[in-house]
Amino acid sequence: MKQFIPDSVSKHDNVYDVLKERGFIEQSTNEEEVRKLLQNEKVKFYIGFDPTADCLHVGHFMQVIIMMYMQKFGHTPVVLLGGGTGMVGDPSGRTDMRQLMDVETIDYNCAQFKKLFERFIEFDDEWKYEGNGGVYEPGHQNKEPEPGKAVSVNNGEWIRPLNWIEFVREIGSKFNVNTMLRSEAFKQRMERESGLTFFEFSYMLMQSYDFMVMARDFEVKIQFGGDDQWSNIIGGVDLTRKSIQKEVYGMTFSLLTTSEGKKMGKTQKGALWLDADRVSPYEFFQYWRNVGDADVNKCLRMLTFLPMEEVDRLSALEGAEINKAKEILAFEITKLVHGEEEATKALEASRQAFGAGGAGAAAADIPTTEMAGADFDGEGKGLVSLLAELKLAESNGDARRTIEQGGVSLNGEKVTDARMNITEANFQDGVLLIQKGKKKFHKIVIK
């Protein structure tokens, strides 16, 4: 079994209390019963992941960490890949309809998700779900999962074969439209001019059906999800009770937001992906190194496995000392996602970048762009347009203001002339290190 979580992570022996202590839990369908269940039994629980991209981002990583805690305490994670629900797309938290994907893209994305999950969770790959032929033909597992291992299943196995009339007769008849319309997932969209399509309206039925199928066919007892999934989870709990007379439970977790309520994990380039080809370990490290002071405690609690005593000690640091906590935070998360070697490289590069010289920052994993020497021939390339091209500025106007205010350095030397052109003469041994402010670096290498 993969051992990411040390035994010292908590003094509690019930994973419910551990998750509560770390600040994850927002809502439970029955808190007392869920706590007893997790104390007295080893259960199968599931979290669903719709394959909206071919890579996981840091929002998914919160769910992965929860699965790791549950696995640590002897429970069986069921990773549900949305090969069926992904064909519709969850309208929760959306202001518009998701872009539709073809089956080949969905299947490819599901396969990529599974590979990334395997970095953090050990799976029983001999376990299989088989036999489902629609609402009247239940499936089954081929065996019980090995203790200490997770299993993965794709809801395309029971959603894609569905007959529409059978589904709405057997499943749709259990849902009250008035109740569905009161859910937050739908209310926000109904208030907008674009409204909500019937296609998306069916998503809640499908996710609820997922829970019922897994409870019926291989004894899944709890569904976990972000707090925006509460309505969908309640739908599954109610459907399971009405259809197969089984009591199941749901629990939602805090979304990863800043102290101002904004979602974390958004960068200038987009999502904070877990794939090093999308976001380098250095850029990943720097994101966490630069979180707001007010967010340090939450990130340490939820995204690292440091004991709570250490979390509280680091969170209590003030002034310049809080940067030590941010450095530890960034190292711990980067080590989890990219491994200790890459985390150490990123730490060393960051220390060089934040040191006195600036030019020393070019030594390691600072974001790098290769450009042709011809780009800098003759009069060269304007510094303003170069900053915008490298996403070091939001626009030419932003780049011009930053330069004039003294916020840009080239190979350690500050520049204030917004009309400056960059030529090969500005490079040192074919390298130009651009620094914006105190924290952002970008290296250009002539190829």
Side-chain angles (χ1 to χ4, degrees), residues 46-68 77-125 127-130 132 139 150-162 185 197 199-200 202-211 213-214 220 223-226 228-229 232 255-256 263-267 269-281 283-284 336-338:
Y46 94 91
I47 301 179
F49 298 87
D50 276 347
T52 51
D54 60 359
C55 183
L56 298 173
H57 54 66
V58 75
H60 296 121
F61 192 54
M62 283 272 289
Q63 312 296 320
V64 172
I65 283 177
I66 288 160
M67 289 192 288
M68 292 163 77
V78 177
V79 175
L80 179 68
L81 300 170
T85 47
M87 298 182 77
V88 177
D90 187 359
S92 303
R94 298 284 299 186
T95 58
D96 56 0
M97 184 169 159
R98 292 182 185 273
Q99 184 176 354
L100 297 181
M101 298 180 290
D102 59 36
V103 173
E104 290 75 18
T105 301
I106 289 171
D107 288 346
Y108 174 78
N109 290 352
C110 284
Q112 296 304 108
F113 270 30
K114 176 73 186 324
K115 288 178 187 175
L116 280 163
F117 284 124
E118 286 172 344
R119 282 166 38 186
F120 308 106
I121 300 167
E122 189 168 0
F123 286 88
D124 179 355
D125 287 325
W127 181 94
K128 288 183 176 58
Y129 178 77
E130 51 197 18
N132 191 296
V151 296
S152 175
V153 67
N154 189 318
N155 64 18
E157 295 189 49
W158 54 79
I159 288 178
R160 291 182 187 177
L162 286 173
T197 65
F199 180 63
E200 296 168 281
S202 67
Y203 187 90
M204 182 182 285
L205 275 67
M206 290 185 179
Q207 183 169 325
S208 301
Y209 183 59
D210 285 344
F211 202 173
V213 166
M214 291 186 286
V220 169
Q223 179 185 358
F224 292 158
D228 57 349
Q229 294 298 308
N232 291 330
L255 300 175
L256 190 61
K263 272 193 178 182
M264 298 187 82
K266 296 289 184 183
T267 70
K269 296 179 181 178
L272 192 64
W273 302 103
L274 305 186
D275 190 330
D277 292 334
R278 298 263 185 114
V279 176
S280 74
E283 291 174 288
F284 188 84
L336 269 175
V337 173
H338 295 293

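Along the sequence shown, residues are numbered consecutively beginning with 1.
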Item to check | Test side-chain contact (heavy atoms from CB on, under 4.5 Å) applied to Leu116 and Trp273, step by step | outcome: CA-CA 11 Å; Leu116 280 163; Trp273 302 103; over 6 Å; no
Next on the checklist: Test side chain to side chain donor-acceptor pair (under 3.5 Å) on Asp50 and Tyr203; report intermediate values, then the result.
Outcome noted: CA-CA 12 Å; Asp50 276 347; Tyr203 187 90; 2.6 Å; yes
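- Rounding to the nearest 0.5 angstrom, the gap separating the CZ atom in Arg278 from the CD atom in Glu283 is 13.0 Å.
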Next on the checklist: For Arg119 and Val337: C-alpha separation, side-chain torsions, deciding distance, then whether side-chain contact (heavy atoms from CB on, under 4.5 Å) applies.
Outcome noted: CA-CA 8 Å; Arg119 282 166 38 186; Val337 173; 3.7 Å; yes
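- Within the model, atoms CG of Leu205 and CG of Asn232 stand 10.0 Å from one another, a figure rounded to the nearest 0.5 Å.
- Atoms OH and CG, on Tyr209 and Asn155 in that order, are 10.5 Å from each other to the nearest 0.5 Å.
- Judged by distance alone, the side chains of Gln229 and Gln223 never bring a donor and an acceptor atom under 3.5 Å apart.
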Checklist entry - What's the verdict on side-chain contact (heavy atoms from CB on, under 4.5 Å) for Gln112 and Asp275, showing C-alpha distance, side-chain angles and the deciding distance? => result CA-CA 11 Å; Gln112 296 304 108; Asp275 190 330; over 6 Å; no
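- Using a 4.5 Å heavy-atom cutoff, the side chains of Asn109 and Met101 are in contact.
- Every residue meeting the side chain to side chain donor-acceptor pair (under 3.5 Å) condition with Asp124, not counting sequence neighbours, appears here in chain and number order: Lys143.
- Leu274 CG to Phe284 CZ: the interatomic distance, rounded to the nearest 0.5 Å, is 6.0 Å.
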Checklist entry - Could you go step by step and tell me if Leu256 and Met264 meet the side-chain contact (heavy atoms from CB on, under 4.5 Å) rule? => result CA-CA 6 Å; Leu256 190 61; Met264 298 187 82; 3.9 Å; yes
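- Of the listed residues (Val79, Leu80, Asp125, Val78), just one forms a side chain to side chain contact (heavy atoms under 4.5 Å, CB included) with Val151, and that residue is Val78.
- Note that CE of Met67 and CD1 of Ile121 are 3.5 Å apart. Values are rounded to the nearest 0.5 Å.
- Using a 4.5 Å heavy-atom threshold, the side chains of Ile47 and Pro77 count as separate.
- When all heavy atoms are compared, the tightest approach of Pro281 to Ala276 is CD-CB, 4.0 Å.
- Under the 6.0 Å cut-off for aromatic ring centres, Phe61 and Phe120 qualify, their centroids lying closer than that.
- Minimum interatomic distance between Pro51 and Cys110 (heavy atoms only, all atoms of both residues): CG-SG, 3.6 Å.
- Residue Tyr46 holds its OH atom at 5.0 Å from CG of Asp210, rounded to the nearest 0.5 Å.
- Ring orientation note: the planes of His60 and Phe49 are tilted relative to one another, at an angle of 30° to 60°.
- For Asp107, the side-chain contact (heavy atoms from CB on, under 4.5 Å) partners two or more places apart in sequence, or in a different chain, are Val103, Arg160.
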